[in-house]
Amino acid sequence: MIIAKTIEETRAHIARARAAGKRIGFVPTMGYLHRGHTSLVEVSKRHTDFQVMSIFVNKIQFNDPKDYVSYPREFERDFAMAREAGVDLVFLPDNEMMYVNHLTHVDVDLVTTQLCGAHREGHFRGVFTVVTKLFNIVQPDVSVFGQKDIQQAVSIEKMVFDLNQPVKIIIAPTVREDDGLAMSSRNKHLDATQRKNALVISQSLGEARELIARGERGAAAILGAMRRIVESGNPQKIDYISMVRYIDLQPADTLAEKSVIALAAFFGTTRLIDNMVIEPAAGGFTCIY
Ligand code: PAF
C-alpha cells in the first residue's frame with residue numbers, strides 16, 4: 001500500500017493506475033477507521049480496480065473547535081486497517097497543503113437547511129469544499145459514502161450533479177455493532193453508561209419501523225414515539241428527530257414518498273447521529289437502516 005503525502009505524488013500514482021486500465025475507487029475519511037469505513041472500501045472494490053482512501057481531519061468542517069482537537073488520530077492503526085481492507089493508496093495531506101491561502105468554498109442550498117445543517121453552522125460547506133478538492137486531486141470514477149451520514153451523502157450526490165463532477169456516488173449501508181449502535185469514530189468518547197444509553201437511538205428507529213409496518217404514516221405519531229424512547233436514555237440534549245423527503249431533505253408531515261427519518265442526540269458531550277431510509281415498496285414501505 002502506497003502512502004502519499006503530497007498531491008503530486010498522489011496524482012502520479014493514480015495516473016499510472018489509470019494508464020494501466022484501472023478504474024479508480026475513492027473513500028474519503030477523517031481516519032480513526034472502523035468497520036464502517038472498511039465496508040465502504042469493500043463496496044468500492046466491487047466497482048473499481050484501484051482503491052484510494054484519503055485520511056484528513058478536515059478542520060473547516062468542525063463547527064466546534066474542541067471537537068476538532070479531540071477528534072481521535074491514530075494513523076499507524078489506520079494504515080494497518082486500510083492495508084487489510086485492500087486499499088492501494090492512502091492520501092495523507094496536511095492542513096497547510098489543503099488550505100494555504102484558501103478563499104474558495106462550495107455550498108449546496110436547500111438539502112443542507114434541515115437536520116444537522118440546522119445545528120452545525122458551516123459544517124457542510126467545509127465538507128463539500130474538501131470533498132470537491134479531494135475529487136479534483138484523485139479524480140475517481142466512483143466514490144463511496146456511508147448512509148450513516150445521510151445528509152452528507154445526499155448533498156454530495158446533489159453537488160456532483162449540479163457541478164458536473166465526473167464521479168459516480170454510491171451510498172453504502174450503515175454498519176452497526178452487534179447491539180445496534182451505528183459505528184462511528186465518536187463512539188470511543190462514550191463512557192460505559194453513555195454507551196449503554198445510546199442504544200435508544202437505534203431502538204427508536206426500530207420502533208419507527210414497527211409503526212410504519214403497522215400502517216402509521218403520520219410524522220407526529222412516529223417521531224413522538226421515537227422521542228419517548230430516546231428520552232428514556234437520558235441524552236444530554238436532542239438536536240432533532242425528523243422525517244424529511246429524500247429528494248430535498250425538507251420536512252414531511254406524512255410518509256408518502258421516499259423519505260428519511262433521522263436523529264441527532266448528545267450522550268455526555270458526544271453527538272451521535274443515525275437514520276433510516278424509507279422506500280416505497282409493493283403494498284407499503286421498506287425501511288433501510
Ligand atoms: O464523512 C467524513 O468522514 C467526512 O465528512 C469526509 C467526507 C471525509 C470529509 O471530510
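Atoms within a ligand are numbered from 1 in the order they appear, just like the ligands themselves. Counting from 1, the numbers follow the sequence of the chain as shown. The structure displayed is predicted, hence computed values, not measured ones.
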Legend entry - Nearest neighbour of atom 2 (C) of ligand 1 from the list H123, K59, Q152, on a heavy-atom basis: Q152
Inset, instruction - For atom 10 (O) of ligand 1, grab the closest protein heavy atom and report residue, atom and distance to one decimal in Å. - result: Q61 OE1, 2.6 Å
Inset, instruction - State whether E42 and K45 are salt-bridged, where the test is any N-O pair (Lys NZ or Arg NE/NH1/NH2 against Asp/Glu carboxylate O) under 4.0 Å. - result: yes
Inset, instruction - Could you list the atoms of ligand 1 found under 4.0 angstrom from a heavy atom of T29? - result: 8 (C)
Legend entry - Element-labelled atoms of ligand 1 that are located less than 4.0 Å from some non-hydrogen atom of P28: 8 (C)
Inset, instruction - For S39 and G36, indicate whether the former's side chain and the latter's backbone hold a donor-acceptor pair under 3.5 Å. - result: yes
Legend entry - Option among I238, N275, L115, I201 that satisfies the side-chain contact (heavy atoms from CB on, under 4.5 Å) test with L263: I201
Inset, instruction - Number the atoms of ligand 1 from 1 as they appear, then name those within less than 4.0 Å of a heavy atom of V130, with their elements. - result: 9 (C), 10 (O)
Legend entry - Ring geometry between F79 and F75 (parallel below 30°, tilted from 30 to 60°, perpendicular above 60°): parallel
Legend entry - Ion pair check, K158 and D248, cut-off under 4.0 Å: no
